[in-house]
Amino acid sequence: MVGTVGFESAMSVKWNGNMKEVGEELNPTSKVHEEEEKKEFVTGKLNAHVIRCLSITEPNVDDEITGDKDAYMTDVLAQYQKNLVERTSNQLGYPVNHDYDYGALGQFQQFSINNLGDPFMDSTYGVHSRQFEIGVLDWFARLWEIERDEYWGYVTNCGTEGNLHGILVGREVFPNGILYASEDSHYSVFRAARMYRMDCVKVRTLLSGQIDCADFKSHLLANKGRPAIVNVNIGTTVKGAVDDLDLVIRTLEECGLSGDKFYIHCDGALFGLMIPFVDCAPKVSFKKPIGSFSVSGHKFVGCPMPCGVQITRMKHINALSSNVDYIATRDATIMGSRNGHSPIFMWYTLNKKGYKGFDKEVQRCLKNAHYLKDRLREAGISAMLNELSTTVVFERPRDEEFVRRWQLVCLRNMSHIVVMPNVTIDRLDGFVKELTEKRSTWYQDQRVQPPCLAADIGKGNCTCALCN
């Protein structure tokens, strides 16, 4: 990489021995925002790698003498572009869809497009893309079955913002409510609880990664008299598990919580767009008593920048809205100023593909995910695939450099691959071939054995010596 290394910017967190991890099991009556124990921050230790710094130097006094610097910057950018091509080709662990072509939208890069405030109301700032944003919102509203005059929403800057907004709406509807979320929920859910100073209960999960509604019920009964704000996962981060929305609703009702005593936010960051096209999948829509639904735009949709969509019921939004005089509009968003380019990119893709196009991509990804799971199992590698998912969980590779090469996500003894539209059979074959070859050297002397994954994915999916 061209450039001067000015400082090491990577950081890691070293927890004190008795420090609780974000989202760790909480007493139902305790506050997430209570004073935490001390955290010690150590520089230069995250994954044993550091980030190089491309220093910024001031221009020459003589503005005409710029040849050397222009050549330097051109070289840096060329090297960076080469690096992006290489890293993109080997990216399997993160749910990002690289299969897109937005060359037609390059003409808009010269504009500072800002959709500040409410997307349905104009402001004095005229360089916006609200007309595209509302088109995107209407498309998702139809997909999730809510009428045009019954919803409010906006294009967010990422999936986390969708969770922050959905849970904030729930808290405003039920200020005395308790947030319930499974232990496999995204960390942003527990961050929201801390930010909003909410009581939060962490619910156990099944081996599949779904919320354990028996444990959920016991917590609800222990907190009778208080409303419930529930995060339902439409695809968990690690295992791709889809919580049983109908069972969650039935559990709430069995515990005496009617529809006016609970609020459900559906975190569909990856699978919120996919599940409507999965055969035999349970329906997740606003025809059921959910309060909000969020999805990421840079995942299955395939946008080059982080973005997302958050939709909630219109009746809930007034509690968050406030008039902002100096921009002559109202605002109920988290961030205020919002990327006006991302709605254009999403609008472009939704128009090109439509529901039929996404249906085809979902079917292909499901087929390829089953292919990958079968190839791994044939190679004697522990692997699991949830029925409604394209996330294949398998044993964690022993070599950290292999993990980094393929940009895998790892937790305990597990790793996973998220099969996206850009992930082809050839790429999966290349991965399995390399993993099998490396694995034969990792365990060749038999003094070290492959890890047991029975506790994480079930004995039936584990191929270790103890389970076979």
Side-chain angles (χ1 to χ4, degrees), residues 97 100-159 161-162 164-166 169 268-269 272-273 276 285-286 292-318 320-358:
N97 181 9
Y100 53 74
D101 181 1
Y102 290 110
L105 303 184
Q107 59 188 307
F108 301 113
Q109 292 184 9
Q110 61 183 305
F111 301 106
S112 180
I113 308 174
N114 189 336
N115 288 3
L116 52 91
D118 192 309
F120 299 95
M121 295 184 67
D122 202 0
S123 77
T124 53
Y125 186 72
V127 188
H128 63 78
S129 63
R130 287 185 177 87
Q131 61 273 52
F132 294 92
E133 183 172 18
I134 295 173
V136 169
L137 294 172
D138 281 349
W139 191 91
F140 279 97
R142 291 192 298 272
L143 183 69
W144 296 333
E145 300 183 313
I146 185 169
E147 295 299 321
R148 176 69 178 77
D149 59 350
E150 294 180 357
Y151 87 84
W152 184 92
Y154 69 103
V155 172
T156 63
N157 291 301
C158 61
E161 185 179 352
L164 292 177
H165 192 276
V169 173
L273 175 56
S285 84
F286 281 91
S292 53
F293 204 141
S294 63
V295 68
S296 294
H298 56 288
K299 293 181 180 174
F300 201 80
V301 176
C303 284
M305 72 286 286
C307 58
V309 168
Q310 158 71 356
I311 286 182
T312 187
R313 296 183 186 273
M314 179 71 78
K315 65 181 181 180
H316 296 324
I317 206 62
N318 287 335
L320 285 178
S321 295
S322 60
N323 293 323
V324 185
D325 290 340
Y326 76 89
I327 58 174
T329 188
R330 71 178 183 185
D331 193 8
T333 68
I334 295 287
M335 303 303 294
S337 286
R338 295 178 292 110
N339 185 347
H341 291 268
S342 52
I344 304 174
F345 281 76
M346 294 184 72
W347 177 90
Y348 186 81
T349 292
L350 298 181
N351 268 289
K352 288 189 69 175
K353 295 181 179 179
Y355 297 134
K356 290 184 179 180
F358 283 111

Atom pair [atom1] ([X]) and [atom2] ([Y]), whose distance is rounded to the nearest 0.5 Å:
X	Y	atom1	atom2	result
I146	F140	CD1	CZ	14.5 Å
F345	N339	CZ	CG	8.5 Å
R130	M121	CZ	CE	9.5 Å
H341	S112	NE2	OG	6.5 Å
I344	I113	CD1	CD1	4.0 Å
L350	F132	CG	CZ	12.5 Å

Which residue pairs pass the salt bridge (Lys or Arg N to Asp or Glu O under 4.0 Å) test when at least one of the two sits in [range], sequence neighbours left out?
range	value
residues 340-354	K353-E361
residues 333-347	E133-R338
residues 300-311	none

Contact summary for G153 and L137, nearest pair of heavy atoms: O-CD1, 3.4 Å

What residues, two or more places apart in sequence or in another chain, satisfy ring-ring contact (aromatic ring centres under 6.0 Å, His included) together with H298? none

Side-chain heavy-atom pair L116, S123 within 4.5 angstrom cut-off: yes

Residue pair V155 / S342, side-chain heavy-atom distance below 4.5 Å: yes

Side chains of E145 and S285: donor-acceptor distance under 3.5 Å anywhere? yes

Ignoring hydrogens and angles, tell me if any N or O in the side chain of Y154 forms a donor-acceptor pair with the backbone of A332 under 3.5 Å. no

Are the side chain of W347 and the backbone N or O of Q131 linked by a donor-acceptor pair below 3.5 Å? no

Which atom pairs, one a donor and one an acceptor, fall under 3.5 Å between side chains of residues 300-315 and the rest of the protein, sequence neighbours left out?
| residue | atom | partner | partner atom | Å |
| --- | --- | --- | --- | --- |
| Q310 | NE2 | H165 | ND1 | 3.4 |
| T312 | OG1 | G291 | O | 2.8 |
| R313 | NE | I290 | O | 2.7 |
| R313 | NH2 | F286 | O | 2.7 |
| R313 | NH2 | K288 | O | 3.0 |
| R313 | NH2 | I290 | O | 3.1 |

Side chain to side chain donor-acceptor pair (under 3.5 Å) partners for [X], two or more places apart:
X	value
Y151	D138
Y355	none
N97	none
S129	N115

What residues, two or more places apart in sequence or in another chain, satisfy side chain to side chain contact (heavy atoms under 4.5 Å, CB included) together with E147? D149, E150

Measuring centre to centre across the rings, with the benzene-like ring taken for any Trp, is W139 within less than 6.0 Å of F358? yes

Any chance CD of Q107 has more than 12 other-residue heavy atoms, nucleotides or ligands included, within less than 6.0 Å? yes

